[in-house]
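These numbers come from the heavy atoms of this one structure, side chains and all, not from hydrogens, waters or symmetry mates. Numbers here are sequence positions counted from 1.
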Amino acid sequence: LPFTVDMILRARESFLDFSTILGLALGTAIVLAFCCLMRISEYTKSGANHFLLTDNVIFVVVPPGQDKETFVRSSEIYKHELHTLKEVVITVRSAKNDFAGEGHRFCFSKQEVDKVDGAAFDLVSVLYEWSRRARPAAGDMFLSSRAHNFELTPDPINNMLKKVAVSFGFKKKGFSSHSLRIAGASALANAGVPDYIIQKTGRWKSLTFLQYIRLAHNAISIMSKVSTLTSDDVKKKLSSFIMT
């Protein structure tokens with residue numbers, strides 16, 4: 001089932017300890033996976049060798065007193081202040097529909113957070129905070145930290161998502177890391193984004209992804225609003241869902 005924006009907020013605000021490297025990594029991972037419709041193997045150490053690297057997360061910075069944009073790798077962004085950031089560019093290294101192996105590139109602008117009427121989170125700020133504190137080394141997995149001897153693996157994500165889902169009255173068996181990917185696709189559809197863009201965003205080779213669009217058909221600022229797709233929406237449509 002979809003792990004919706006209000007569920008992401010509860011996880012970040014009530015279930016995660018951001019003073020620990022694991023809590024910070026989990027809080028970063030769920031926002032990243034939702035926004036980029038990522039498979040678990042695309043951002044954790046889970047067997048496949050195509051997880052996100054530090055060099056795949058590039059920040060666009062406008063240094064103080066300058067008009068020219070500068071591109072800064074996540075391993076070096078701690079040298080810059082948050083207010084100088086403009087965008088983040090994320091390259092998912094490989095996917096089923098990427099036959100040339102060029103990767104899929106996403107660009108997200110920094111946005112204001114307004115949990116009532118606007119975006120519930122700002123991906124640029126979330127990725128910056130992780131990079132600033134964890135200091136992932138150049139060439140390493142992005143969600144890792146040599147200073148803390150840490151690499152994010154799938155189990156903590158799956159366990160945390162299930163706990164949060166139960167707090168919303170769901171059965172835990174309906175939720176896993178894939179719920180973030182499904183929620184991202186469903187939120188895009190609810191926001192009126194065309195199927196072909198969702199297919200490209202989620203890196204699907206075919207229209208198989210349509211089985212995930214469970215509240216579809218009636219970008220990032222709308223997608224990340226709590227009101228776009230809520231846990232109550234999921235409950236109302238539960239009888240028509242295909243369990244993951």
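Between Arg181 and Leu37, the shortest heavy-atom contact is NH1-O, 2.5 Å. In plain terms, the two heavy atoms of Phe18 and Gly23 that are nearest each other are CE2-O, 4.1 Å. The two residues Gly118 and Lys225 make their nearest non-hydrogen contact at O-CG, 3.3 Å. Residues Val88 and Leu127 share a closest heavy-atom pair of CG2-CD1, 4.0 Å. When all heavy atoms of Cys35 and Phe108 are compared, the closest pair comes out as O-CZ, 3.8 Å. Between Phe106 and Cys36, the shortest heavy-atom distance links the atoms CZ-O, 4.2 Å.
Put simply, CG on Asp233 and OG1 on Thr228 are 9.5 Å apart, with the number rounded to the nearest 0.5 Å. Rounding to the nearest 0.5 angstrom, the gap separating the OH atom in Tyr43 from the CD1 atom in Ile90 is 13.0 Å. Between Ser75 atom OG and Asp55 atom CG the span is 6.0 Å, to the nearest 0.5 Å. Distance check, rounded to the nearest 0.5 Å: CD1 of Ile40 to NE2 of His178 gives 11.0 Å. In this structure, the separation between CZ on Arg132 and CG on Leu24 is 9.0 Å, given to the nearest 0.5 Å. Within the model, atoms CE of Met38 and OG of Ser41 stand 8.5 Å from one another, a figure rounded to the nearest 0.5 Å.
Using a 4.5 Å cut-off on side-chain heavy atoms (C-beta onward), Met7 and Phe175 make contact. Side-chain atoms of Phe3 and Ser177, non-hydrogen and from C-beta on, never get closer than 4.5 Å to each other. Side-chain contact between Thr28 and Leu143: present, with at least one pair of heavy atoms (C-beta onward) separated by less than 4.5 Å. Two residues are said to be in side-chain contact when any heavy atoms from C-beta on lie closer than 4.5 Å; Ile30 and Leu161 meet this criterion. Contact check for Val226 versus Val5: side-chain heavy atoms found under the 4.5 Å cut-off. Proximity of Leu1 to Ile182: side-chain heavy atoms (C-beta onward) are nowhere separated by under 4.5 Å. Residues Lys110 and Ser125 are in side-chain contact: their nearest non-hydrogen atoms beyond the backbone lie under 4.5 Å apart. At a threshold of 4.5 Å between non-hydrogen side-chain atoms, the residues Ser167 and Phe15 count as touching.
Note on Leu82: it clusters hydrophobically with Phe142, by side-chain heavy-atom contacts below 4.5 Å among ILVMFWY residues. Grouping the Ile, Leu, Val, Met, Phe, Trp and Tyr side chains by contacts below 4.5 angstrom, directly or via other members, places Tyr78 apart from Val124. In the hydrophobic cluster analysis, where Ile, Leu, Val, Met, Phe, Trp and Tyr join through side-chain heavy atoms closer than 4.5 angstrom, Tyr128 is grouped apart from Val62.
Here the side chain of Ser179 pairs a donor or acceptor atom with the backbone of Ser176 at under 3.5 angstrom. Between the side chain of Thr54 and the main chain of Ser74, no donor-acceptor pair closer than 3.5 Å is present. Side chain of Lys172 to main chain of Lys162: no donor-acceptor pair is present (N/O by atom type, distance under 3.5 Å, no hydrogens or angles). When atom types are taken as modelled, the side chain of Thr84 and the backbone of Val61 share no donor-acceptor pair closer than 3.5 angstrom.
Through direct or relayed side-chain contacts under 4.5 Å between Ile, Leu, Val, Met, Phe, Trp and Tyr, Ile58 connects to Val60, Phe71, Val89.
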Using the rule given for side-chain contact (heavy atoms from CB on, under 4.5 Å), can you reason through Thr91 versus Leu53, listing the C-alpha separation, both sets of side-chain angles and the distance that settles it, and then say yes or no? CA-CA 9 Å; Thr91 302; Leu53 301 174; over 6 Å; no
Using the side-chain contact (heavy atoms from CB on, under 4.5 Å) rule, take Asp232 and Phe168 through it: C-alpha gap first, then chi angles, then the decisive distance, then the call. CA-CA 9 Å; Asp232 284 340; Phe168 276 86; over 6 Å; no
Under the side-chain contact (heavy atoms from CB on, under 4.5 Å) rule, what do Ser224 and Gln111 come out as? Steps first, then yes or no, please. CA-CA 11 Å; Ser224 58; Gln111 58 184 1; 3.5 Å; yes
Check step by step if side-chain contact (heavy atoms from CB on, under 4.5 Å) holds for Phe59 and Ser131. CA-CA 10 Å; Phe59 292 90; Ser131 303; 3.9 Å; yes
Start with the C-alpha gap between Arg73 and Glu76, add the side-chain angles, then the distance that decides, and say whether salt bridge (Lys or Arg N to Asp or Glu O under 4.0 Å) holds. CA-CA 5 Å; Arg73 289 184 173 86; Glu76 298 293 323; over 6 Å; no
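Side-chain N/O atoms of Thr4 and Asp6 include a donor and acceptor closer than 3.5 Å.
Screening residues 134-145 for side chain to side chain donor-acceptor pair (under 3.5 Å) gives Asp140-Arg146, Ser145-His148 as the qualifying pairs, with residues at least two apart or on separate chains. Within the structure, the salt bridge (Lys or Arg N to Asp or Glu O under 4.0 Å) test picks out the following pairs touching residues 10-28 (sequence neighbours left out): Glu13-Lys115.
Shown here is Glu112, whose CD atom has no more than 12 heavy atoms of other residues, nucleotides or ligands within 6.0 Å.
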